[in-house]
Amino acid sequence: MQRVLKMTQIHRNPRQPREYFNEDALKELAASIDKYGLMQAIEVRPDNDKGGYEIVSGERRWRAHQILGRTKIRVNITSEKSELQRFKRSMSENVNRENMTPFEEANGYQRILDEEEGATIESVAADFGKTTAYVKLRLALLDLRIEVQQLVQDGKIGTQAAVQIAALNLANQGSVFSKFVRGEFASDNEIVHFAYAMKQQQDQPVLMVVEEMTEEQRTERAAAQKKTRSTLDKIEQVRELLDEIARTDPMKLAENLETQVGARLAQLDRVAESLTKARFQLKQAKAHAEARELVTVNPEAVDEDEDAAQCEPVAA
């Protein structure tokens with residue numbers, strides 16, 4: 001049933017999923033309503049406990065009316081009884097909006113799992129048109145230390161990096177937080193690499209140190225170190241050859257290569273692809289070396305379900 005109510009008759013639902021409302025975005029919405037009118041009525045329900053009407057969906061529009069100083073607003077009155085159902089309706093309205101924070105979303109999913117009989121991650125995902133993996137990753141954010149959550153809320157750490165950090169035990173999360181505060185990460189991608197490396201090391205029952213190796217293990221390690229370093233030294237020689245090509249005039253290159261230009265370009269494309277992969281591995285190695293200095297090993301660690309496991313870092 002659609003009616004026009006006084007603004008003073010309406011109050012917000014204190015348990016609705018949205019906690020944060022961007023003031024600039026609200027002002028933009030208010031300006032739009034002022035110019036074009038309210039395109040869609042808000043939804044409310046009679047509140048027998050407090051009196052008046054409680055918002056089911058449309059709190060942003062209601063707040064925009066407050067900004068405009070409006071005294072009345074158009075509403076649709078629903079008779080929905082279940083508070084949880086109203087919450088899910090509000091979640092549905094907000095879940096795909098960019099200005100709903102990841103933690104609001106995660107807390108919303110968790111509330112439904114806690115309060116709805118028979119609810120599963122799979123059923124929650126289906127309710128909101130999300131994949132099961134997506135909902136699991138959002139829920140993982142609730143495992144973050146409070147100080148890391150605040151960094152994510154403030155937009156200083158992205159969601160992908162936050163998910164990687166959330167996979168760590170609290171001590172290792174603290175190490176990541178300390179490095180971040182010291183300004184030791186140049187980008188979210190570096191955080192992802194570091195946290196992923198720390199997770200791999202965290203889940204080992206022990207970390208092998210040189211002093212505990214057998215003589216055979218030390219010999220094998222020394223040989224592997226020598227081979228890897230020798231390989232990288234040879235790459236430096238290849239770089240000098242590439243620099244020589246880079247300094248050659250294109251017309252001269254065409255003259256010297258004649259019909260082989262296309263094939264030689266494909267050859268360099270393969271080299272570039274291999275270089276990208278090798279660089280990615282070295283970035284991971286750097287993260288492992290740094291993580292090794294800080295990691296707190298978890299001897300009771302167990303592998304997570306594959307669907308909920310964190311994605312490996314991608315080359316960037």
Side-chain angles (χ1 to χ4, degrees), residues 1-112 115 124-130 134-135 137-138 141-142 149-160 162 188:
M1 178 174 58
Q2 191 166 114
R3 289 176 53 186
V4 174
L5 295 178
K6 293 179 180 180
M7 289 286 288
T8 54
Q9 292 177 274
I10 301 168
H11 54 268
R12 73 184 301 268
N13 177 1
R15 297 193 68 192
Q16 81 116 335
R18 292 288 301 278
E19 298 175 3
Y20 170 75
F21 292 86
N22 183 280
E23 287 299 321
D24 290 337
L26 283 175
K27 289 176 182 177
E28 289 179 6
L29 178 59
S32 175
I33 291 174
D34 190 39
K35 184 174 182 179
Y36 300 108
L38 182 62
M39 298 295 185
Q40 182 181 0
I42 70 170
E43 192 167 346
V44 300
R45 62 108 191 172
D47 191 335
N48 297 325
D49 296 324
K50 296 182 180 178
Y53 297 84
E54 182 180 81
I55 297 172
V56 174
S57 65
E59 184 171 337
R60 292 179 72 251
R61 283 164 275 160
W62 177 72
R63 286 174 178 257
H65 273 61
Q66 288 181 319
I67 291 173
L68 293 170
R70 300 285 174 86
T71 59
K72 295 181 180 180
I73 188 170
R74 187 159 45 89
V75 304
N76 282 318
I77 300 176
T78 179
S79 58
E80 267 185 2
K81 302 294 184 183
S82 167
E83 205 279 330
L84 183 60
Q85 289 303 312
R86 296 195 298 274
F87 178 84
K88 290 180 70 173
R89 289 278 299 278
S90 185
M91 272 284 290
S92 179
E93 182 185 52
N94 288 288
V95 76
N96 291 313
R97 287 183 172 159
E98 292 182 3
N99 54 3
M100 187 179 194
T101 72
F103 289 102
E104 289 173 338
E105 198 174 343
N107 281 310
Y109 296 145
Q110 189 60 59
R111 180 184 170 189
I112 295 167
E115 297 184 17
V124 170
D127 283 345
F128 298 102
K130 303 295 184 183
Y134 176 92
V135 173
L137 292 179
R138 278 291 186 266
L141 296 178
L142 301 179
Q149 287 191 22
Q150 191 59 55
L151 291 175
V152 180
Q153 290 276 38
D154 295 342
K156 295 178 180 178
I157 291 180
T159 304
Q160 183 185 9
D188 259 23

Item checked: side chain to side chain contact (heavy atoms under 4.5 Å, CB included) between Met91 and Tyr109, intermediate numbers included -> CA-CA 9 Å; Met91 272 284 290; Tyr109 296 145; 3.7 Å; yes
Side chains of [X] and [Y]: does their closest heavy-atom pair fall under 4.5 Å?
{"X": "Val152", "Y": "Leu141", "result": "no"}
{"X": "Trp62", "Y": "Arg12", "result": "yes"}
{"X": "Phe87", "Y": "Ile112", "result": "yes"}
{"X": "Phe103", "Y": "Arg138", "result": "no"}
{"X": "Ile10", "Y": "Val75", "result": "yes"}
{"X": "Pro102", "Y": "Gln149", "result": "no"}

Nearest 0.5 Å please: distance from the [atom1] atom of [X] over to the [atom2] atom of [Y].
{"X": "Leu29", "Y": "Leu68", "atom1": "CG", "atom2": "CG", "result": "8.5 Å"}
{"X": "Glu59", "Y": "Glu43", "atom1": "CD", "atom2": "CD", "result": "14.0 Å"}
{"X": "Ile73", "Y": "Gln66", "atom1": "CD1", "atom2": "CD", "result": "9.0 Å"}

Give a yes or no on whether the backbone of [Y] and the side-chain of [X] come within a donor-acceptor separation of less than 3.5 Å.
{"X": "Arg74", "Y": "Leu38", "result": "yes"}
{"X": "Glu104", "Y": "Thr101", "result": "yes"}
{"X": "Arg61", "Y": "Gln40", "result": "yes"}
{"X": "Asp34", "Y": "Ala30", "result": "no"}
{"X": "Asp154", "Y": "Lys156", "result": "no"}
{"X": "Asn13", "Y": "Ile55", "result": "no"}

Next item on the list: Test Asp47 against His11 for side chain to side chain contact (heavy atoms under 4.5 Å, CB included), laying out the working first.
Entry: CA-CA 9 Å; Asp47 191 335; His11 54 268; 2.8 Å; yes
Item checked: Sole candidate of Met7, Lys72, Arg60 that passes side chain to side chain contact (heavy atoms under 4.5 Å, CB included) when paired with His65 -> Met7
Item checked: Minimal non-hydrogen separation, Ala64 against Ile33, with atom names -> CB-CD1, 3.8 Å
Notebook entry, point to check: If you take all heavy atoms of Val44 and Ile42, which pair is closest and at what distance?
Noted result: CG1-CD1, 3.9 Å
Notebook entry, point to check: Is there a salt bridge (Lys or Arg N to Asp or Glu O under 4.0 Å) between Glu23 and Lys27 once you walk through the steps?
Noted result: CA-CA 6 Å; Glu23 287 299 321; Lys27 289 176 182 177; 5.7 Å; no
Next item on the list: Given side chain to side chain contact (heavy atoms under 4.5 Å, CB included), test Lys6 with Tyr53 step by step and report yes or no.
Entry: CA-CA 10 Å; Lys6 293 179 180 180; Tyr53 297 84; over 6 Å; no
Next item on the list: Test side chain to side chain contact (heavy atoms under 4.5 Å, CB included) on Leu84 and Arg111 and set out the steps.
Entry: CA-CA 9 Å; Leu84 183 60; Arg111 180 184 170 189; 4.2 Å; yes
Notebook entry, point to check: Any chance the side chains of Glu105 and Tyr134 put a donor and an acceptor closer than 3.5 Å?
Noted result: yes
